[in-house]
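Predicted, not measured: the structure shown is a model, and the values here were computed from it. A, B, ... follow the sequence lines: proteins, then strands. Residue 1 opens every chain.
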Protein chains: 2
Amino acid sequence: MLRSNDDPRALRSRAAALAAATELLVEGGPENVTHATVAKRAGIGRATVYRHWPDQQALLLDALAGDVRPLLSFDDSPVRDQLVFQAEQLAHRLNQPSAVSILATVIQRAERDEEARRLREEMFGQADEDLTRALAAAVERGELRPGTQGHARDLVARIIGPLLFERFLHGVHLEKDLVVSLVDAALAPWLPNA
Amino acid sequence: MLRSNDDPRALRSRAAALAAATELLVEGGPENVTHATVAKRAGIGRATVYRHWPDQQALLLDALAGDVRPLLSFDDSPVRDQLVFQAEQLAHRLNQPSAVSILATVIQRAERDEEARRLREEMFGQADEDLTRALAAAVERGELRPGTQGHARDLVARIIGPLLFERFLHGVHLEKDLVVSLVDAALAPWLPNA
DNA sequence: CGTCTGTGAGACAGTATGTATCGAAGAGAA
DNA sequence: TTCTCTTCGATACATACTGTCTCACAGACG
């Protein structure tokens, strides 16, 4: 279809279209992202949008993919600090007005769309493995009780879950003290002196 | 517009349309719920759908409203049992394949639609007040430490949040032992012997 | 039985969608 | 620069969809 991915003209119109698609998604929901609206907003031809994305699903998912990079990542520094930092980063991103629209769209599409499901898993899939490793290292260092490394996913759920609940279902702004309190509560059962 | 709400013919076509709308929402997402598709699925005339719901938003939200009754309610029996029971009920409802589509749609719409926001608050708004009362009663009985009643919403977030996270972002089936574990973890800081 | 009123079917104009074509202009090589 | 290739925006076009209206019909109710 297109000669290549490296033609500056193609890259330019593609980038403009994706930026426009994200804007339109946040402003009016997924059904607001059509070939016509994207073309108009991006200042490019309607046919050009069809050339890049023959169907609307692909266009929307490409736009989503640009905004949904992995949300968490861990290394081997002290676990509590990492969790607080990462959860704060995530809270900051969730506080963006666009985040709810984008995440809710991914979740909704994932029910019926394989590509969206892949995208959804990309968000937290890596986090489980990384955190498992980080927890194992922490157990070695005596920061946590043995066995903790088997509960990485559970920890993530107990920290991120309440954040999502507050943000998605109550629409509140996520504050730092909530994040800290959630991390400590989730970690409490695994502290060695317990 | 319509003479009344009690004409059996109007009630019948209205009910058929709402049932069809919910089906179509679950099958193909919100953009699949149009006057035309609903009319066809419900076996009624397209004009009839327009008569009941002049715009598509109203139709979709009416369908959602039928499926999103309050999700939690509390009385004055022992708190832990109540929380476990209510959270199990909720988990059971979230396990329905349709629940994710419906909830995600409400959340998404709530970003831009006043009516959807009202609907979203209906789900958990009452729960906070009820649980606050139930917690106060439990404190009176010595089940929980004084001050607990000020943290009803926090408790809900720490129990429901992880459930939503597991169901929405990992697509897993919610099991009873997870529910119990979440309730006990959320309650732990407020037990009197701590 | 007679009068309402909601209904389904269809007609209709206006709009949106998807595709094809065309000349213009940017990109890259000689 | 000049030449060639590719993408571009604009436009035209057929088709599908939307929203509104009309009308004959049948169910509801007295």
Would you kindly give the [atom1]-to-[atom2] distance between [X] and [N], to the nearest whole Å?
X       : N      : atom1 : atom2 : result
B:Leu11 : C:dT7  : CG    : C1'   : 14 Å
A:Arg9  : D:dG9  : CZ    : P     : 10 Å
B:Lys40 : C:dA9  : NZ    : P     : 13 Å
B:Asp6  : C:dG6  : CG    : P     : 10 Å
B:Ile44 : D:dG27 : CD1   : P     : 16 Å
A:Asn32 : C:dA16 : CG    : P     : 12 Å
B:Asp7  : C:dC4  : CG    : C1'   : 10 Å

Looking at A:Arg12, does any N or O in its side chain come under 4.0 Å of the phosphate oxygens OP1/OP2 on C:dA27?
-> yes
When you look at A:Val106 and A:Met123, which way does the side chain to side chain contact (heavy atoms under 4.5 Å, CB included) test go after all the steps?
-> CA-CA 10 Å; A:Val106 172; A:Met123 294 191 284; 4.2 Å; yes
Does this structure show an ion pair linking [X] with [Y], if we count only N-O contacts that are shorter than 4.0 Å?
X        : Y        : result
B:Asp62  : B:Arg14  : yes
B:Glu27  : B:Arg41  : yes
A:Arg117 : A:Glu114 : yes

Of the nucleotides [options], which has the atom closest to the [X] side chain?
X       : options              : result
A:Ala36 : C:dT17, C:dG8, D:dC8 : C:dT17
B:Thr34 : D:dC8, C:dG6, D:dT18 : D:dT18
B:His52 : C:dT17, D:dC8, C:dT7 : C:dT7

Are B:Phe165 and A:Phe124 an aromatic pair by the rule of ring centers under 6.0 Å?
-> yes
Output, in order, the C-alpha distance, side-chain angles, deciding distance and verdict of side chain to side chain contact (heavy atoms under 4.5 Å, CB included) for B:His52 and B:Ser13.
-> CA-CA 9 Å; B:His52 283 278; B:Ser13 44; 3.6 Å; yes
In the 5'-to-3' direction, what one-character label does each nucleotide of nucleotides 18-23 of chain C receive under the scheme B = base within less than 4.0 Å of a protein heavy atom, S = sugar-phosphate only, - = no such atom?
-> BBB---
So, A:Ser101 versus B:Arg112: side-chain donor-acceptor pair below 3.5 Å or not?
-> yes
